[in-house]
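See below for the structure under consideration.
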Amino acid sequence: MKKALITGITGQDGSYLAELLLSKGYVVYGIIRRSSSFNTGRIDHIYQDPHESRPTMRLVYGDLNDASSLNKIIRMLEPDEIYNLGAQSHVRVSFDVPEYTGEVTALGTIRLLEAIRETGVKTKFYQASSSEMFGNSPGPQNEQTSFQPRSPYAAAKLYAHWMTVNYREGYGLFACNGILFNHESPRRGETFVSRKVTKAVARIKLGLQDKLFLGNLEAKRDWGYAADYMEAIWLMLQQPQPDDYVIATGETHSVRDLLDEAFGYVDLDWHKYVEIDARYYRPTEVDLLLGDASKARKVLGWQPRVKFRDLVRMMVDADLHAESKTAGT
């Protein structure tokens, strides 16, 4: 049985990836940070009691800020595949905590790469790069497009991206970068604009909320379904040679489009409920992200399954269900 190690397993992407790997017969190990409160809600449905005879999903304590813990985990587990999904991943928040973002998102990756190199464990490494690295480079953006990071988050991701390339070329590591464009789901964090909108739609429809405060409505993004994208990153590590890939739908939609789709789905006019709050604007904005995943389609045989409209409706339905249960309606 293959062994996989996932950082960020408690996040949206980590939970979908863990499900995928378990379905393929892997033993999955997830790194979690010590916390005084549980934050495992996204993986509770697949969690297995460690007292079982042979659990195929296990959680281990560690931290991307702690090189010794990463070194120990990799030496102890000798995983066949390592997926680095852990990060301070909120772009707007990265302007407020730039140093912390660099510490976790950039240097955390180096700690993993160094642990692989120092231990000599033969493993395949996946680094979660980001479309935010492209900044305002003209779209559609592909693997040859120049990077122009416009946030601390994007700059930190770019450092991690290039260091992954350097360790691949300098030390012969099987190391891949997946340049993923925005990917969403009902498990998306509630402070990200897609989920913030769909949750508000549900609450407004149920009479639990009156207003939704947003920033730039003109920003355009290439939105896909997180579970589709996790299949793509698994495929990257199954190839005979390591490489970097853009993963995207090839369609772009504005935040206004998102509002039209989400509010329209429940027969509401978003103009009556949405207000602009300047605090949600970024100091430097990325106007348009549009991915060209031709290489992934050709080499990996991958393509997205869930379209934008279906994704938004899936998220609204999930939030309506969750909010209805919470409200007791």
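Scope of the values below: all heavy atoms of this structure, side chains included, with no hydrogens, waters or symmetry mates. This is a predicted model, so every value here is computed, not measured.
Annotation: the span from Ser129 atom OG to Leu158 atom CG amounts to 8.0 Å, rounded to 0.5 Å. Annotation: the span from Ser254 atom OG to Leu288 atom CG amounts to 10.0 Å, rounded to 0.5 Å. Within the model, atoms CD1 of Ile276 and CG of Leu214 stand 6.0 Å from one another, a figure rounded to the nearest 0.5 Å. Considering CG of Asp222 and CG of Asp292, their distance stands at 10.0 Å, rounded to 0.5 Å. Note: Arg33 CZ to Thr7 OG1 = 10.5 Å, rounded to the nearest 0.5 Å. Once rounded to the nearest 0.5 Å, the distance linking CD1 of Ile233 with CG of Leu17 reads 4.5 Å.
No side-chain heavy atom of Val28 sits under 4.5 Å from any side-chain heavy atom of Arg58. Side-chain contact check for Phe134 versus Pro149: every heavy-atom pair is 4.5 Å or farther apart. Residues Met133 and His161 are in side-chain contact: their nearest non-hydrogen atoms beyond the backbone lie under 4.5 Å apart. Using a 4.5 Å heavy-atom threshold, the side chains of Tyr280 and Arg92 count as separate. In this structure the side chain of Val93 reaches within 4.5 angstrom of the side chain of Val97, judged on heavy atoms. Arg187 is not listed as a side-chain neighbour of Arg195, based on a closest heavy-atom distance of 4.5 Å or more. Residues Met236 and Asp243 form no side-chain contact, since every pair of their non-hydrogen atoms from C-beta on lies 4.5 Å or further apart. Proximity of Phe147 to Ser137: side-chain heavy atoms (C-beta onward) are nowhere separated by under 4.5 Å.
Shown here are the side chain to side chain donor-acceptor pair (under 3.5 Å) partners of Thr109, two or more places apart in sequence or in another chain: Asn84, Gln127.
Residue-environment remark: CD (Gln241) stays at or below the threshold of 12 foreign heavy atoms within 6.0 Å. In the displayed structure, Asp44 atom CG is contacted under 6.0 Å by more than 12 heavy atoms of other residues, nucleotides or ligands. Within a 6.0 Å radius of CZ in Arg313, other residues, nucleotides and ligands contribute more than 12 heavy atoms. Within 6.0 Å of NZ on Lys122 lie no more than 12 heavy atoms contributed by other residues, nucleotides or ligands. Enclosure of atom CD in Gln303 is not indicated, since only 12 or fewer non-hydrogen atoms of other residues, nucleotides or ligands lie within 6.0 angstrom. Around the NZ atom of Lys2, the shell of radius 6.0 Å holds more than 12 heavy atoms that belong to other residues, nucleotides or ligands.
When all heavy atoms of Ala262 and Val197 are compared, the closest pair comes out as CB-CG1, 3.8 Å. Taking both residues in full, the closest heavy atoms of Ser69 and Asp66 are given as OG-O, 2.8 Å, listed atom of the first, atom of the second, then distance. The heavy-atom pair separating Lys272 from Lys211 by the smallest distance is O-NZ, 3.4 Å. Residue Ala175 comes nearest to Thr164 through the heavy atom pair CB-CG2, 3.7 Å, listed as atom of the first residue, atom of the second, then distance. What you find for Ala232 and Ile247 is that their closest heavy atoms are CB-CD1, 3.6 Å. Between Cys176 and Pro242, the shortest heavy-atom contact is SG-CA, 3.7 Å.
Remark: side-chain polar atoms of Thr123 are paired, donor with acceptor, to backbone N or O of Pro79 under 3.5 angstrom. Put simply, the side chain of Glu78 never gets that close to the backbone of Ile74: no donor and acceptor are under 3.5 Å apart. Between the His253 side chain and the Glu251 main chain, no donor and acceptor come within less than 3.5 Å of each other. Without hydrogens or angle criteria, His90 side chain to Thr191 main chain gives a donor-acceptor distance under 3.5 Å. Without hydrogens or angle criteria, Thr40 side chain to Ile43 main chain gives no donor-acceptor distance under 3.5 Å.
Using a 4.0 Å cut-off between charged nitrogen and carboxylate oxygen, Lys295 and Glu143 do not count as a salt-bridge pair. A salt bridge links Asp244 with Arg168: at least one charged nitrogen is closer than 4.0 Å to a carboxylate oxygen. Between Arg203 and Asp319, no side-chain nitrogen of the basic residue sits less than 4.0 Å from a carboxylate oxygen of the acidic one, so the salt-bridge criterion is not met. Comment: Arg117 engages Glu114 in a salt bridge, judged by a side-chain N to carboxylate O separation of less than 4.0 angstrom. The pair Lys3-Glu81 does not meet the salt-bridge criterion, since no charged nitrogen lies less than 4.0 angstrom from a carboxylate oxygen. Note on Glu184 versus Lys196: no salt bridge recorded, every NZ/NE/NH1/NH2 to OD/OE distance being 4.0 Å or above. Lys205 has no carboxylate O lying under 4.0 Å from a charged side-chain N of Glu323, or vice versa, which leaves the two without a salt bridge.
For the residue pair Thr105/Gln88, the side-chain donor-acceptor check at 3.5 Å is not satisfied. Remark: the Asp310 side chain and the Tyr225 side chain contain no N/O donor-acceptor pair separated by less than 3.5 Å. Glu118 and Asn71 share a donor-acceptor pair across their side chains, judged by distance under 3.5 Å alone.
A side chain to side chain contact (heavy atoms under 4.5 Å, CB included) with Val286 is found for one member of Gln148, Lys220, Arg150 and no other, namely Arg150. The only member of Ile32, Val60, Leu85 that meets side chain to side chain contact (heavy atoms under 4.5 Å, CB included) when paired with Ile9 is Ile32.
Within the cation-pi definition used here (under 6.0 Å to the ring centroid, within 45° of the axis), Arg282 does not qualify as a partner of Phe95. A cation-pi arrangement is present between Arg188 and Phe192, with the terminal nitrogen or guanidinium carbon under 6.0 Å from the aromatic centre and inside a 45° cone about the axis.
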Report task. Determine, step by step, whether Leu235 and Tyr245 satisfy the side-chain contact (heavy atoms from CB on, under 4.5 Å) criterion, reporting the C-alpha distance in whole Å, the side-chain angles of both residues, the deciding distance to 0.1 Å, and the verdict. Result -> CA-CA 11 Å; Leu235 287 168; Tyr245 299 87; over 6 Å; no

**Report entry** Test log, rule side-chain contact (heavy atoms from CB on, under 4.5 Å), inputs Glu103 and Leu64
**Finding:** CA-CA 8 Å; Glu103 187 70 44; Leu64 288 172; over 6 Å; no

Report task. For the pair Glu218 and Arg256, evaluate side-chain contact (heavy atoms from CB on, under 4.5 Å) and give the outcome as yes or no after the intermediate values. Result -> CA-CA 7 Å; Glu218 310 308 323; Arg256 286 183 182 274; 2.7 Å; yes

Report task. Walk me through it: do Trp270 and Leu212 pass the test side-chain contact (heavy atoms from CB on, under 4.5 Å)? Result -> CA-CA 9 Å; Trp270 65 263; Leu212 169 61; over 6 Å; no

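Under the 6.0 Å cut-off for aromatic ring centres, Phe263 and His271 do not qualify, their centroids lying 6.0 Å or more apart. You'll find the ring centres of Trp234 and Tyr229 outside the 6.0 Å limit. Centroid-to-centroid, the aromatic rings of Phe174 and Phe125 stay 6.0 Å apart or farther.
Residues Val316 and Val255 fall within the same hydrophobic cluster, defined by Ile, Leu, Val, Met, Phe, Trp and Tyr side chains chained together at heavy-atom separations under 4.5 Å. Residues Tyr167 and Val165 are members of separate hydrophobic clusters, defined by side-chain heavy-atom contacts under 4.5 angstrom among Ile, Leu, Val, Met, Phe, Trp and Tyr. Under the 4.5 Å side-chain heavy-atom criterion for ILVMFWY residues, no single connected hydrophobic cluster contains both Val27 and Tyr83.
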